[in-house]
2 protein chains.
Amino acid sequence: MSPPVAGEKRPALVTCTAPVNIAVVKYWGKRDEKLILPINSSLSVTLHQDQLKTTTTAAFSRDFVEDCLWLNGEPADIGHPRLQSCLREIRRLARKRHGESSGGDEGDPLPLSYKVHIASENNFPTAAGLASSAAGYACLVYTLARLYGVEGDLSEIARQGSGSACRSMFGGFVQWVMGDDADGKDSVAQQVAPETHWPELRVLILVVSAEKKVVGSTAGMQTSVKTSRLLKHRAEAVVPERMVQMIHHIQQRDFEAFGQLTMKDSNQFHATCLDTFPPIFYLSDTSKQVIALVHRFNAHHGKTKVAYTFDAGPNAVLFLLDETLEEFVEVVKRSFPPKSNGDQFLKGLSVKAASPSEELLAEVVRDPIPGAVRYLLITKPGPGPSVVDDGSCHLLGEDGMPGSSS
Amino acid sequence: MSPPVAGEKRPALVTCTAPVNIAVVKYWGKRDEKLILPINSSLSVTLHQDQLKTTTTAAFSRDFVEDCLWLNGEPADIGHPRLQSCLREIRRLARKRHGESSGGDEGDPLPLSYKVHIASENNFPTAAGLASSAAGYACLVYTLARLYGVEGDLSEIARQGSGSACRSMFGGFVQWVMGDDADGKDSVAQQVAPETHWPELRVLILVVSAEKKVVGSTAGMQTSVKTSRLLKHRAEAVVPERMVQMIHHIQQRDFEAFGQLTMKDSNQFHATCLDTFPPIFYLSDTSKQVIALVHRFNAHHGKTKVAYTFDAGPNAVLFLLDETLEEFVEVVKRSFPPKSNGDQFLKGLSVKAASPSEELLAEVVRDPIPGAVRYLLITKPGPGPSVVDDGSCHLLGEDGMPGSSS
């Protein structure tokens with residue numbers, strides 16, 4: 001895509017989608033709050049957009065009076081500092097490219113001074129606690145870059161919206177290299193392996209029933225960095241070697257090692273939250289029961305067939321191979337029987353019904369808790385952001401206003 | 001007391017009591033399983049025996065056919081390796097002293113070859129999860145030492161029964177110095193300050209309603225030492241400086257600093273349990289609610305008026321000053337309303353009813369959970385083990401059998 005130079009046909013309106021990602025080596029703590037530079041590198045799996053994605057349409061026009069934002073159909077504050085950071089950085093890159101391509105002293109500067117309209121929505125409820133800000137900022141930056149004809153590594157800009165958003169700029173397995181530079185230029189995301197690298201890998205999200213509001217991750221990280229000695233040690237001494245190990249396990253498609261390290265890193269992240277003062281608890285009783293269930297299931301099989309990870313909330317994200325999916329889904333259904341309220345319990349990729357052995361069920365399923373898990377979402381690793389060509393998917397109409405396409 | 005040399009009048013039966021202690025710098029992890037040598041020093045407050053104590057009667061007689069043990073009135077296994085360690089060490093010291101006092105070549109060796117009867121009971125339910133093994137082994141070692149006329153530092157022997165038992169050999173504020181020696185001779189308890197040092201200090205134990213069985217501390221420690229990187233760092237880098245700080249805060253009677261460090265160390269201990277693989281959870285939802293309540297209460301007052309600590313179970317042990325007791329007990333009663341099942345809710349030291357301000361209650365008491373706390377036990381720092389002279393307290397009768405005194 002070309003930069004928006006004078007006289008060239010260019011999109012005045014672009015729609016893109018971007019994915020959610022789930023970290024298997026966790027990011028927790030910033031060394032620079034403004035630039036969003038982390039105290040350690042992290043690594044995530046990008047989830048498939050068929051199940052979880054953000055869609056964003058951005059448009060500019062000489063007729064727009066002011067910059068505007070709509071989130072999930074509702075007007076929202078475009079003045080948010082992090083959103084402004086992303087907008088400013090994209091416009092700065094566009095100006096730079098524009099200056100270069102036009103010889104630096106001519107061309108049409110107008111589109112850069114036009115106001116922009118942005119509409120964004122998720123195909124999943126925000127309340128599900130599935131890190132929508134990562135997909136949201138990744139999609140915003142990717143869409144704006146397309147609109148303004150900016151190319152190259154955009155992860156550094158997405159990072160300034162939401163740290164983990166930089167990892168949603170790629171598909172498959174992605175590391176966020178913490179970097180050394182004070183200006184954050186080397187704190188960027190890199191793909192470790194594409195989504196096609198491990199075709200058997202599946203991801204199962206257990207959305208647990210709503211619990212009380214917890215400490216937000218921005219505030220939580222700040223308190224942890226200030227007060228947790230264990231977090232400091234984790235960032236300095238533990239994560240560097242875990243990054244090397246995790247990349248190796250992924251390259252080898254070694255589920256046993258990948259799963260073990262994923263669980264250990266999730267536990268250690270939550271341990272540093274508990275070492276924070278006042279302590280932060282993200283794991284609910286249901287989370288703990290899922291953890292115990294996974295350990296019993298693996299113990300029964302004598303190897304790691306399922307691995308859990310938890311972000312700053314009680315929902316469990318489980319990794320497993322396709323061959324384990326049917327059996328484990330049945331175990332989850334027996335352990336957390338769905339409440340018969342008419343809602344769908346299994347969402348996402350389809351899964352055949354299984355009949356686990358009585359021996360397995362007797363050993364693994366204990367004290368079922370009806371209703372503790374609201375629903376299961378089955379997905380897998382997926383690609384990074386992409387442009388949507390289908391005009392019917394635009395979230396803004398010809399007039400640059402939302403509503404006309406929905 | 002003299003050693004049991006020939007012809008001297010000596011007790012063939014001794015009864016002693018010993019206290020429970022609660023650590024404020026936690027012990028978790030052994031560097032030597034057999035000798036029970038810890039990976040870090042620890043520090044505790046000895047609780048008053050008026051509320052929590054173990055009573056033990058030990059007797060020897062040429063008529064006893066075999067060593068026997070009764071726990072809370074029931075026959076128990078005296079062959080337990082740790083109990084045997086204590087018995088063997090006491091007898092070894094007695095033999096040594098006996099040899100010395102009799103010139104090494106004469107005297108009456110008979111009592112040392114006599115069989116021993118031991119009966120022990122707690123004045124609190126074992127099920128309450130109040131670290132009865134510390135009081136139990138401290139009492140056993142102290143009683144046997146009196147019976148055999150052994151004096152000197154017995155904490156090294158008590159340590160071989162249960163690590164934390166060595167701290168129950170003294171009253172007041174007690175540190176267990178981890179030591180360096182491979183044979184454990186320098187891994188002993190020392191009094192930091194007597195129980196009279198801080199007369200305003202009170203201890204409030206919230207016994208929470210029975211939850212599921214948790215991982216025992218012996219097994220838990222082993223897994224933590226093997227798997228937790230954070231525990232290793234805590235033991236090596238964090239605890240040494242916390243020991244110095246905690247001793248200083250106690251010497252200064254600085255409740256603010258003492259309370260903060262107590263809470264942080266409890267949280268860090270539980271963080272290392274979560275960093276263990278598979279993870280160990282000792283804090284229940286009720287524990288977390290007590291933690292949140294304490295932080296709200298302190299925030300309301302703008303200073304640390306109450307501090308929590310939790311051992312390997314969900315019961316909360318709270319420290320506070322006498323001046324705060326009435327108000328906080330009322331806050332606990334409102335937050336965890338007792339179930340009206342006729343059981344006593346307030347036990348131990350008496351406390352007057354208070355009427356906290358509506359403002360305090362509105363800010364601090366949230367979503368009361370009836371029945372989550374079974375009862376409150378109010379106590380304070382207390383003295384170490386002592387001999388009971390009142391013959392009616394013996395747990396063994398003239399015939400060396402239990403039952404006659406109860």
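Sequence lines set the chain letters: A, B, ... in the order given, protein chains first and strands last, and positions in each chain run from 1. FYI, side chains are in, hydrogens and waters are out, and symmetry mates aren't considered; it's all heavy atoms of this structure.
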Can you say whether [X] sits under 4.5 Å from chain B via the side chain, the backbone, both, or neither, judging by heavy atoms?
{"X": "Ser266(A)", "result": "neither"}
{"X": "Leu230(A)", "result": "both"}
{"X": "His270(A)", "result": "both"}

Are the aromatic rings of Tyr282(B) and Phe310(B) close, with centres under 6.0 Å apart?
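Judged by ring-centre distance (under 6.0 Å), Tyr282(B) and Phe310(B) do not meet the cut-off.
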Heavy-atom pairs under 4.5 Å with chain B, option from Ala292(A), Ser228(A), Cys273(A), Pro279(A) with the top count:
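Between Ala292(A), Ser228(A), Cys273(A), Pro279(A), the count favours Pro279(A).
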Verdict with reasoning, His233(B) to Glu236(A), per side chain to side chain donor-acceptor pair (under 3.5 Å)
CA-CA 12 Å; His233(B) 181 68; Glu236(A) 289 172 359; over 6 Å; no
For Asp265(B), is there an ion pair with Arg234(B) - N to carboxylate O distance below 4.0 angstrom?
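The answer is yes: the pair qualifies as a salt bridge.
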With the threshold set at 4.0 Å, does a side-chain nitrogen-carboxylate oxygen contact exist between Glu241(A) and Arg229(B)?
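Between Arg229(B) and Glu241(A) there is a salt bridge, with a charged N closer than 4.0 Å to a carboxylate O.
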